[in-house]
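Only one structure is covered here, and it is reproduced in the block below.
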Protein chains: 2
Amino acid sequence: MPALSIGDLARRTGVPVETIRYYERMGLLPKPPRTEGNYRAYETGHERRLAFVKRSRDLGFGLDAIRALLDLADGADRPCGEVDALARDQLAEVERKIADLTAMRAELQDMLGHCRADTVADCEIIGRLRGK
Amino acid sequence: MPALSIGDLARRTGVPVETIRYYERMGLLPKPPRTEGNYRAYETGHERRLAFVKRSRDLGFGLDAIRALLDLADGADRPCGEVDALARDQLAEVERKIADLTAMRAELQDMLGHCRADTVADCEIIGRLRGK
DNA sequence: TCTTGACCCTGTAGCGACTACAGGGTGCAG
DNA sequence: CTGCACCCTGTAGTCGCTACAGGGTCAAGA
Ligand SMILES: [Zn+2]
Ligand SMILES: [Zn+2]
Ligand SMILES: [Zn+2]
Ligand SMILES: [Zn+2]
């Protein structure tokens, strides 16, 4: 199996080229070997690692947490308590955001429901933003 | 009623001093008159405007949208269709975010539910991040 | 052989909405 | 008069990208 260019890797993982280079700068991906022409040459190990990063990002983990997860994933024998703690923190963060957004949604829906589409002077939305 | 210092305004609205200055730079708040010592001197009009901005931010509106809302709020006679459109856009954005976060929450909860707290090699969380 | 065009490289700047200084000036109470 | 809390401007950092600018590389087609 031949080495992959950064564009190949981007197509295979769905992560944009610029983002792959950014992850490398941030220390999430190891610096790959280069071709004669100074192109990055990736192997399947790199692809697996990038896929791990992408799945973690899709769950909302920050790059610091992902670095920690990658480190933990390398130590097969250790207990997974730290992994679970990171996942629980992330779940808590997601739940906090959902709670905030749910409150926003309720207020926006209520505003929109009360607006009778007349003039700005009587508009319920503007009225509430002004504080009644 | 005497003029308010920026610190007074911050305490009364719950908006940090640095953020008030930032809103002024961004054109959301008018430049207030200054005292002899070059301190900003606010009146109740400024406080109302800042409160409007804060309530809008609390609903997740971006600063561009808030600028538009402030402009619209000044034209009392005009129909409120544009206001409603901004609110509907914001509601749609909030709903999109809730959907994304809800999917993340489900996956995180499921991962955590399947983890039997043994070694990293067998950890369901790490396993799924690796793509099974 | 030459040229075109797609790809790759580095380095830097921008996004949004703040937040945190650094390095100074002001104002009031003890 | 001396602290101390507050205020000023200007700049840089945060997070996770994203978008250039200004070049180099490489394979296919004429
Ligand atoms: Zn109601
Ligand atoms: Zn209305
Ligand atoms: Zn399950
Ligand atoms: Zn586990």
Side-chain angles (χ1 to χ4, degrees), chain A residues 2-29 31-42 46 50 52-70 89-90 93-94 96-97 100-101 104, chain B residues 2-29 31-42 46 50 52-70 89-90 93-94 96-97 100-101 104:
Chain A
L4 300 167
S5 74
I6 196 169
D8 294 335
L9 193 59
R11 269 182 295 278
R12 291 166 75 117
T13 59
V15 177
V17 166
E18 309 275 11
T19 303
I20 297 173
R21 285 197 282 247
Y22 172 72
Y23 288 162
E24 182 183 325
R25 275 204 307 287
M26 294 298 104
L28 289 174
L29 304 177
K31 302 198 178 197
R34 301 292 183 117
T35 65
E36 278 183 36
N38 198 34
Y39 285 18
R40 289 171 180 82
Y42 294 102
H46 293 102
L50 179 54
F52 186 106
V53 171
K54 182 176 181 6
R55 271 186 291 268
S56 304
R57 283 296 297 134
D58 288 347
L59 290 172
F61 285 99
L63 301 194
D64 283 353
I66 296 175
R67 245 185 306 266
L69 287 168
L70 285 164
D89 286 356
Q90 177 56 22
E93 181 68 11
V94 166
R96 207 188 48 70
K97 285 183 183 165
D100 286 356
L101 288 163
M104 291 180 200
Chain B
L4 299 167
S5 75
I6 196 169
D8 295 335
L9 193 59
R11 270 182 294 279
R12 291 166 74 117
T13 58
V15 178
V17 167
E18 309 274 12
T19 304
I20 298 174
R21 285 197 282 247
Y22 172 72
Y23 288 162
E24 183 183 324
R25 276 204 306 286
M26 295 298 105
L28 289 174
L29 303 177
K31 301 199 177 194
R34 301 294 182 115
T35 65
E36 278 183 36
N38 198 33
Y39 284 19
R40 288 171 179 82
Y42 293 102
H46 294 100
L50 179 54
F52 186 107
V53 171
K54 182 175 181 5
R55 271 185 292 267
S56 304
R57 283 298 295 131
D58 288 348
L59 291 172
F61 286 100
L63 300 196
D64 283 353
I66 296 175
R67 244 186 304 268
L69 287 169
L70 284 164
D89 287 355
Q90 177 55 23
E93 181 68 12
V94 166
R96 206 189 49 69
K97 285 183 182 164
D100 287 355
L101 288 163
M104 291 180 198

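Everything quoted here is computed from the prediction, not taken from an experiment. Note on naming: letters A, B, ... go to the chains in the order of the sequence lines (proteins, then strands), and numbering restarts at 1 for each one.
In terms of heavy atoms, B:Leu28 sits closest to B:Val53 at CD1-CG1, 4.3 Å. In this structure, A:Leu63 and A:Met26 approach most closely via the heavy-atom pair CD1-CG, 4.3 Å. Scanning all heavy atoms of the two residues, the minimum distance from B:Asp58 to A:Met104 falls at O-CG, 3.4 Å. Across every non-hydrogen atom of B:Ile6 and B:Arg21, the tightest pair is CD1-CG, 3.4 Å. Considering every non-hydrogen atom in both B:Leu101 and A:Val94, the closest pair reads O-CG1, 3.4 Å. The two residues A:Arg67 and A:Gly27 have their closest heavy-atom pair at CG-O, 4.3 Å.
By the 4.5 Å heavy-atom criterion applied to side chains, B:Leu50 and B:Tyr42 are not counted as neighbours.
From the 5' end on, the contacts that DNA chain D makes with chain B at under 4.0 Å to a non-hydrogen atom open and close at D:dC6 to D:dT9.
Of the inter-residue distances, the one linking B:Arg57 atom CZ with B:Phe61 atom CZ reads 10.5 Å to the nearest 0.5 angstrom. Within the model, atoms OG1 of B:Thr13 and NE2 of B:His46 stand 13.0 Å from one another, a figure rounded to the nearest 0.5 Å.
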Could you list, one pair per line, each protein nitrogen or oxygen that sits under 3.5 Å from a nitrogen or oxygen of nucleotides 26-30 of chain C, together with the distance?
| unit_1 | atom_1 | unit_2 | atom_2 | d |
| --- | --- | --- | --- | --- |
| C:dT26 | O4' | B:Tyr39 | OH | 3.3 |
| C:dT26 | O2 | B:Tyr39 | OH | 3.3 |

List every contact pair, protein side and nucleotides 18-20 of chain C side both N or O, where the distance is under 3.5 Å.
| unit_1 | atom_1 | unit_2 | atom_2 | d |
| --- | --- | --- | --- | --- |
| C:dC18 | OP2 | B:Tyr23 | OH | 2.8 |
| C:dC18 | OP2 | B:Arg57 | NE | 2.8 |

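Using a 4.0 Å heavy-atom cutoff across all strands shown, A:Arg40 reaches sugar-phosphate atoms only and no base atom.
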* Starting from the C-alpha separation in whole Å, work towards a yes-or-no answer on side chain to side chain contact (heavy atoms under 4.5 Å, CB included) for A:Arg11 and A:Asp8. => CA-CA 5 Å; A:Arg11 269 182 295 278; A:Asp8 294 335; 3.1 Å; yes

